[in-house]
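Only one structure is covered here, and it is reproduced in the block below.
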Amino acid sequence: MRLVYLTSEMAPFAKTGGLADVLGALPAQMQRMGHEVRVFMPAYASIDRKKYPLSPAPGLEELDLHLGSHRYRVGFATTRQPGTDLTVHLVHCPALFGRPGIYSSDPDEHRRFLCLSWAALEACRQLRFAPDVVHCNDWQTGLVPLGLKTIYARDPVLGRARSLLTIHNLQYQGGFPASILGETRLQGSAPLFHQDQLKEGRLSFLLHGVLYADGITTVSPTYSREIQTPEHGAGLDHLLRERSSRVVGVLNGVDYREWSPESDRLIPHRFSAEDLSGKEKCKEVLLGKLGLPYRQGVPVLGVVSRLVAQKGLDLLLDVAPDLLTRWGFQLVVLGSGEGRLEERFAQLQAAYRPQVCFYRGFNNELAHLIEAGADAFVMPSRYEPCGLNQLYSLRYGTVPIVHRTGGLADTVIPFDARTGQGTGVAFEHHDAQGLRWAIETALNLYKNKPAWRRCMLNGMAQDYSWEKQAKVYEELYRRAQQV
Ligand code: ADP
Ligand code: GLC
């Protein structure tokens, strides 16, 4: 098949979260499976050009893009994804992408990702690359399915293309004032927009993706069911229910080339299920780096996360003082995001140093070291479409402590000391008591060395490789072509 991927993030070029990891792995895997793949993402100013040199894109010429009264000169560059044979196309438009960071709250945010969307399709035309499937990701590419059904319906190159939309997070819908309709290039198809929404003065990209994509996936089976309920549907549950036969939950995979303790180039000591000694050494290095004392037998809990309400870390902040005092464990937190959460973690660190370290920022190397060196990993997410860190934790023998929701519910099996089965601890009710119970359960388990080791090894034996999951997408691409 000929496959086009459209994305706002891709590892290692531009990353804020798991979307980058997924796009960093799935397209390359599809290419390895013999498909012809093109990936398009913005040429953000923040992409490190020294590490990832950009070259001119052969066969692609600059184009003028008109979005309402706004005109943009758009070019293309290419680069090779390290460690793969995959060529990535970068949409070059300094007026839109030449600013710090990946996302913005600037008034032209919709135009930034419309530029990505339409420039990518125009590039396919220039290259005469006729995709069987255009795989869209999240709200940023949500208007592409409608574009394919209207602007490009009779196009010789794009006319046969079907669209698949993956929802990585339903809460981010790309909602804008309806007045931007004239800037979408789809104003000629205004009757095809959701009329009630327009009347309310709004226009959401993701909603229109849900309406018009030939296939819809989300990133775990449980989340695919949850988003069809009013509680988790973020206002789109009724539309998702209407299209229920097209909504499929496909669990994300793990790029074990990047995330395996046997081969991880970013950790100081490698280890495996057969020889765990390197893990203890990683723990020592981790604590040393963060200025915390290493004491054998003292458990270290780790967190690596965007600091946003979704991740439920306010619960951890609520229960941590009492638990830290009573249990004496250490806590290592890497993250950045909302000011209020950053501030609370900084206060926790100030009150509990050297038991607690909060590293504010984004640091991939430290993320790997925490996965390797921590004993347990805390993810009390309110909701979690898939979650990748619990999957990485499993592989690194770092016992996940999670709220039983979304992809966390699908991947962490509660450990049962009687049978020796299970891979972590999961709590049901999203409140302080639930998390307190889960952390105490894990800390008690940690005292029982053989049981803890069993739990670690069970986790390390799990296989969430992309090799498996990519086959599921392959099947869905085939199905999308049949509509
Ligand atoms: P989400 O996509 O909702 O943020 P995931 O668990 O799917 O959650 O993926 C998060 C990814 O982002 C993981 O690869 C994680 O290691 C990484 N990550 C999150 N915050 C940081 C940070 N502060 N520094 C380094 N990596 C981070
Ligand atoms: C989103 C979700 C996360 C998921 C990631 C990749 O950011 O919050 O749960 O793992 O996308 O699909």
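Whatever order the structure lists ligands and atoms in, that order sets their numbers, starting from 1.
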**Item:** Heavy-atom gap Gly387 to ligand 2 smaller than 4.0 Å
**Value:**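 Yes; Gly387 lies near enough to ligand 2 that a heavy-atom distance drops under 4.0 Å.
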**Asked** Passes ring-ring contact (aromatic ring centres under 6.0 Å, His included), Tyr5 versus His135? Steps please.
**Response** CA-CA 5 Å; Tyr5 292 84; His135 189 153; 5.3 Å; yes
Which ligand 2 atoms, with their elements, are less than 4.0 angstrom from a heavy-atom of [X]?
X: Glu384; value: 2 (C), 3 (C), 8 (O), 9 (O)
X: Pro385; value: 2 (C), 8 (O), 9 (O)
X: Asn169; value: 8 (O)
X: Val22; value: 6 (C), 12 (O)
X: Gln310; value: 8 (O)

**Asked** Judged by modelled atom types alone, do Arg241 and Ser244 share a side-chain donor-acceptor pair under 3.5 Å?
**Response**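 Looking only at side-chain atoms, Ser244 and Arg241 do not form any donor-acceptor pair under 3.5 Å.
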**Message:** Under a 3.5 Å threshold, yes or no: a donor from one side chain and an acceptor from the other, between Asn169 and Gln310?
**Reply:**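 The answer is yes; a qualifying pair exists.
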**Request:** Among residues two or more places apart or on two chains, list those pairs meeting side-chain hydrogen bond (donor to acceptor under 3.5 Å, both in side chains) that have a residue in residues 247-258.
**Result:**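 Every pair satisfying side-chain hydrogen bond (donor to acceptor under 3.5 Å, both in side chains) with a residue in residues 247-258: there are none.
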**Protein heavy-atom partner closest to atom 12 (O) of ligand 2 - residue, atom, separation in Å** =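 Atom 12 (O) of ligand 2 sits closest to the protein heavy atom His168 ND1, 2.7 Å.
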**Message:** Once ring-ring contact (aromatic ring centres under 6.0 Å, His included) is applied, do any residues pair with Phe427, and if so which ones, sequence neighbours excluded?
**Reply:**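 Per chain and number, Phe427 pairs via ring-ring contact (aromatic ring centres under 6.0 Å, His included) with His403.
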**Contacts of His35 that satisfy ring-ring contact (aromatic ring centres under 6.0 Å, His included) - sequence neighbours left out** =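 With neighbours one apart ignored, the set is empty.
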**Whether Tyr396 side chain and Ser260 backbone form a donor-acceptor pair below 3.5 Å** =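 Yes.
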**Asked** What do you reckon, does Val219 have a nitrogen or oxygen under 3.5 Å from a nitrogen or oxygen of ligand 2?
**Response**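 No: no nitrogen or oxygen of Val219 is under 3.5 Å from one in ligand 2.
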**Message:** Checking Trp139 against Tyr172 for the ring-ring contact (aromatic ring centres under 6.0 Å, His included) test, could you report, in this order, the C-alpha distance in whole Å, the side-chain angles of both residues, the deciding distance, and whether it holds?
**Reply:** CA-CA 7 Å; Trp139 74 260; Tyr172 300 96; 9.2 Å; no
If you look at each N/O of ligand 1, which protein N/O atoms lie under 3.5 Å away, and at what distance?
unit_1   : atom_1 : unit_2 : atom_2 : d
ligand 1 : 2 (O)  : Gly18  : N      : 2.6
ligand 1 : 3 (O)  : Arg306 : NH2    : 2.8
ligand 1 : 3 (O)  : Lys311 : NZ     : 2.7
ligand 1 : 4 (O)  : Arg306 : NE     : 2.7
ligand 1 : 6 (O)  : Leu388 : N      : 2.8
ligand 1 : 6 (O)  : Asn389 : N      : 3.4
ligand 1 : 7 (O)  : Leu388 : N      : 3.3
ligand 1 : 8 (O)  : Lys311 : NZ     : 3.1
ligand 1 : 9 (O)  : Gly18  : N      : 3.1
ligand 1 : 14 (O) : Lys15  : NZ     : 2.8
ligand 1 : 14 (O) : Asp21  : OD2    : 2.7
ligand 1 : 16 (O) : Asn389 : ND2    : 3.3
ligand 1 : 23 (N) : Gly361 : O      : 2.7
ligand 1 : 24 (N) : Asn363 : N      : 2.9

**Item:** Region of Thr166 that comes within reach of ligand 2 [heavy atoms, distance under 4.0 Å]
**Value:**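 Answer for Thr166: neither.
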**Prompt:** More than 12 foreign heavy atoms under 6.0 Å from CZ of Arg436: is that the case here?
**Reply:**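 Yes.
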**Asked** Under a 4.0 Å N-O cut-off, is there an ion pair linking Glu475 with Arg478?
**Response**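 No salt bridge links Glu475 with Arg478.
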